[in-house]
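Below is one structure; the comments refer to it alone.
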Amino acid sequence: MRYKTDILVIGPGIAGLTFTIKMAEARPDLKITVLTKTTERESNTRYAQGGVAAVWDFENDNFEKHVADTLDAGAELNDVEVVRMVVREGPERVKDIIKWGARFDKNESDEYELGREGGHSENRILHFKDLTGWEIQRTLADKVRQFENVEVLEHYFAMDLITQHHLNRIVTRVTPGICCYGAYVLNKNTNETDTFLSRMTFLATGGAGQIYKATTNPVIATGDGIAMVYRAKGRIANMEFVQFHPTALYNPKGLSPDFLVSEAVRGYGGILKAADGEEFMDKYDPRKSLAPRDIVARAIDHEMKVRGVENMFLDVRHIDKKKFLDHFPTIHEACLDAGVNPMKQMIPVVPACHYMCGGIVIDKNGATSIKGLYAAGEATYSGLHGANRLASNSLLGAMVFADRSFKHISELIDQSTFEDKIPDWNAKGTTEPNEMILITQSTKELKEIMSSYVGIVRTNTRLKRAVDRILLLYKETEDLYKETVISPQLFELRNMITLAFLVTSGAQMRQESRGLHYNTDYPDEAPYNEITYM
Ligand code: FAD
Ligand code: SIN
């Protein structure tokens with residue numbers, strides 16, 4: 001099938017749907033098509049727990065404090081102008097989603113109850129119990145249904161962006177004026193590859209936690225958008241900054257994803273402890289359990305290695321049971337399901353891959369290095385997060401850049417046209433059925449490599465070993481890709497291999513330790529800025 005849509009949105013999480021709602025409301029004359037590889041409500045957004053960070057209580061908090069906390073967590077590798085912009089515009093974006101119907105918890109005085117998380121000097125996290133992401137996804141999905149000019153297509157897997165390359169022109173990473181004309185998409189309902197032509201494309205495909213064995217990210221998080229932009233020769237930066245959340249619920253059976261025990265629990269008084277009850281965090285940071293995530297995750301990793309144990313603990317037994325249940329009902333239930341009663345036993349926790357701070361390079365308007373292609377959310381690198389994202393700044397940044405992209409695209413869309421000469425997908429020579437065992441086995445191997453060699457603490461030898469093995473997997477998988485019928489699983493594997501390569505080679509290039517990237521061969525900070533890829 002061949003589709004023509006004024007604007008193609010890939011990925012209906014918080015970034016994609018915020019953009020779509022704004023665009024659809026402002027321009028009912030434009031046709032907007034939203035694609036998702038699974039269902040409309042499945043995304044990383046849906047699982048967000050802690051909430052959205054925004055300066056709300058202007059009596060105690062202010063923009064400069066939020067900016068300072070973001071820079072401190074980001075090890076000053078952030079773009080200060082971008083941080084200021086996001087922090088200042090953030091509260092207005094939160095008001096947008098409240099206007100669209102999002103509920104956030106309030107106190108007895110009917111004021112929003114503001115939570116605290118690691119690295120924040122004030123209470124500024126708006127939340128809906130421990131289900132903030134579910135509430136946001138629900139709100140956005142309901143709202144988007146109100147627009148007749150929006151079509152949401154479920155089970156449509158975006159495979160590749162269409163550029164001049166598909167008009168048989170040579171496109172390299174230094175070719176100026178690369179344009180995006182839409183995307184080739186595998187319709188999982190029919191197994192056909194469809195061509196979607198668009199005047200503008202907005203990419204919001206989220207993160208890539210699935211490249212690690214232990215991750216809080218759902219199975220959709222395979223970095224497809226980042227890999228697509230890399231293949232289209234767009235700019236990607238700083239992928240070495242992989243955020244490990246300190247407190248996933250210990251999961252000895254290795255079920256994926258790992259259940260998150262929100263940092264908001266520590267913000268509410270939960271204390272990190274060893275099995276013998278020792279509070280170990282004061283050895284690492286005066287903020288103890290509420291230090292920024294990179295510090296806490298590294299501390300837990302270190303304690304586990306030194307003590308030779310498989311997990312540390314989060315103690316919430318001193319918190320009032322009713323209040324705990326009221327604030328964290330899902331976490332309480334997940335602990336009970338895992339055989340732990342958090343009111344009576346300490347919660348066993350381990351770090352797990354959680355967030356990609358690098359990604360597709362975007363400017364302040366959400367524009368990528370490819371003309372006609374905008375992006376927002378976890379798939380992007382804007383300069384907001386620096387070397388380590390401050391808790392609950394992701395949802396905030398996604399909304400701000402979705403809004404800015406909407407404004408910029410609104411100014412340009414009337415001058416942009418379709419490129420009709422694009423050929424349909426060429427599936428010649430790919431007649432062999434997919435060998436699923438090869439795909440699942442390589443996926444397992446990739447996760448093993450990343451978890452063993454490119455984790456919280458890195459060394460040159462481990463990184464070299466990882467790159468060598470990733471390149472082997474890359475070769476085998478590209479051979480498979482050339483011969484076999486395409487499938488979402490094969491595309492996801494290719495994308496994850498690309499992401500693993502970008503993370504690992506970025507880590508090799510960054511010869512310093514900063515924020516989330518810690519290499520024992522270069523223990524100090526050095527004056528590096530962006531790591532980009534050729
Ligand atoms: P997503 O919400 O991940 O949406 C991406 C969409 O793209 C999905 O619908 C996906 O199916 C679709 N997609 C992907 N690839 C393709 C493809 N090839 N074709 C078609 N569709 C595709 N951040 C905070 O700020 N506060 C929190 O409290 C918080 N808690 C979190 C808790 C958990 C457990 C997790 C995992 C993350 C949390 N985060 C939190 C991070 C935050 O949720 C994400 O960074 C954010 O939701 C990403 O939004 P997004 O719109 O960029 O992408
Ligand atoms: C959490 O609730 O701990 C996650 C918050 C975040 O990822 O920002």
Side-chain angles (χ1 to χ4, degrees), residues 8-19 34-54 73 115 117-120 125-128 130-134 136-137 140-141 152-161 183-186 188 203-210 215-228 243 245-248 257-267 293 328 330-331 352-357 359 375-380 385 389-399 401-402 488 491-492 495:
L8 180 65
V9 178
I10 309 177
I14 188 168
L17 290 182
T18 300
F19 169 84
V34 183
L35 305 179
T36 175
K37 65 178 174 178
T38 57
T39 57
E40 190 183 359
R41 293 187 189 220
E42 181 61 344
S43 61
N44 264 359
T45 300
R46 184 201 175 296
Y47 297 94
Q49 292 186 357
V52 188
E117 289 181 59
H120 288 275
I125 319 286
L126 289 114
H127 53 89
F128 178 72
D130 54 4
L131 286 165
T132 310
W134 177 89
I136 290 176
Q137 190 76 40
L140 299 175
V152 179
L153 298 177
E154 295 189 323
H155 307 293
Y156 279 70
F157 186 103
M159 303 185 315
D160 264 321
L161 296 170
Y184 289 120
V185 178
L186 179 65
K188 290 162 72 180
L203 198 62
T205 42
Q210 283 291 326
T215 178
T216 63
N217 290 192
V219 291
I220 51 123
T222 51
D224 300 348
I226 301 173
M228 281 193 272
Q243 184 169 76
H245 197 292
T247 57
D258 289 65
F259 183 81
L260 180 73
V261 180
S262 175
E263 209 158 288
V265 173
R266 278 175 278 139
R293 247 172 232 178
F328 307 111
T330 324
I331 294 172
C353 174
H354 184 63
Y355 186 87
M356 296 289 147
C357 294
E378 190 170 338
T380 62
H385 305 308
R389 173 174 68 89
L390 180 66
S392 287
N393 266 358
S394 171
L395 299 172
L396 186 77
M399 290 190 288
F401 281 100
F491 256 93
E492 284 182 340
N495 293 339

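Just follow the structure's listing: the first ligand is 1, and inside any ligand the first atom is 1. All values reported here derive from a predicted model rather than from experimental measurement.
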So I136 and V52, side chain to side chain contact (heavy atoms under 4.5 Å, CB included) or not? Walk me through it.
CA-CA 10 Å; I136 290 176; V52 188; 3.9 Å; yes
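In this structure, a donor-acceptor pair under 3.5 Å is present between the side chains of D130 and T330. Neither side chain, T132 nor H127, offers a donor N or O lying under 3.5 Å from an acceptor on the other.
T215 OG1 to H245 NE2: the interatomic distance, rounded to the nearest 0.5 Å, is 11.5 Å. Atoms CG and CG, on L203 and L35 in that order, are 10.5 Å from each other to the nearest 0.5 Å. Here L260 contributes atom CG and T247 contributes atom OG1; the two are 5.5 Å apart, rounded to the nearest 0.5 Å. If you take OG on S394 and CD on E378, they are separated by 5.5 Å, rounding to the nearest 0.5 Å. Taken to the nearest 0.5 Å, the CZ atom of F157 stands 11.0 Å off from the CD1 atom of I220.
Residue Q243 places no heavy atom under 4.0 Å from ligand 2. Ligand 2 does not have S394 within reach: every non-hydrogen atom of the residue lies 4.0 Å or more from it.
Neither the backbone nor the side chain of E378 has a heavy atom within less than 4.0 Å of ligand 2. Here L260 has side-chain heavy atoms under 4.0 Å from ligand 2, and that is the only part of it that gets that close.
Contact annotation: the side chain of L186 never approaches that of K37 to less than 4.5 Å [non-hydrogen atoms, C-beta and beyond].
Considering backbone and side-chain N/O of L390, none are found under 3.5 Å from N/O of ligand 2. For ligand 2, the polar-atom distance check against N393 finds no nitrogen or oxygen pair separated by under 3.5 Å. An N or O contact shorter than 3.5 Å links E263 to ligand 2 by distance.
Here the protein heavy atom with the shortest distance to atom 2 (O) of ligand 2 is S262 OG, 2.6 Å. Among protein heavy atoms, the minimum distance from atom 7 (O) of ligand 2 is reached at H354 NE2, 2.7 Å.
Atoms of ligand 2 found under 4.0 Å from any heavy atom of A391, numbered from 1 in the order shown, are 8 (O). Of all atoms in ligand 2, listed by their number and element, those nearer than 4.0 Å to a heavy atom of H245 are 1 (C), 3 (O), 4 (C). Ligand 2 places these atoms under 4.0 Å from at least one heavy atom of S392: 6 (C), 8 (O).
Evaluated for a side-chain contact (heavy atoms from CB on, under 4.5 Å) with E117, the options R266, R293, Q49 yield exactly one hit, R293.
Near ligand 1, residues I10, G11, P12, G13, I14, A15, L35, T36, K37, E42, S43, N44, T45, Y47, A48, Q49, G50, G51, Y156, F157, A158, A204, T205, G206, T216, N217, I220, D224, L260, H354, Y355, G377, E378, R389, S392, N393, S394, L395 each place a heavy atom inside the 4.0 Å sphere around the ligand atoms.
When R293, Q49, R266, H127 are ranked by how near their heavy atoms come to atom 4 (C) of ligand 2, first place goes to R293.
By the 30° and 60° cut-offs, the orientation of the rings of Y355 relative to H385 is perpendicular.
Across E154 and T38, no two heavy atoms sit closer than the pair CB-O, 3.4 Å.
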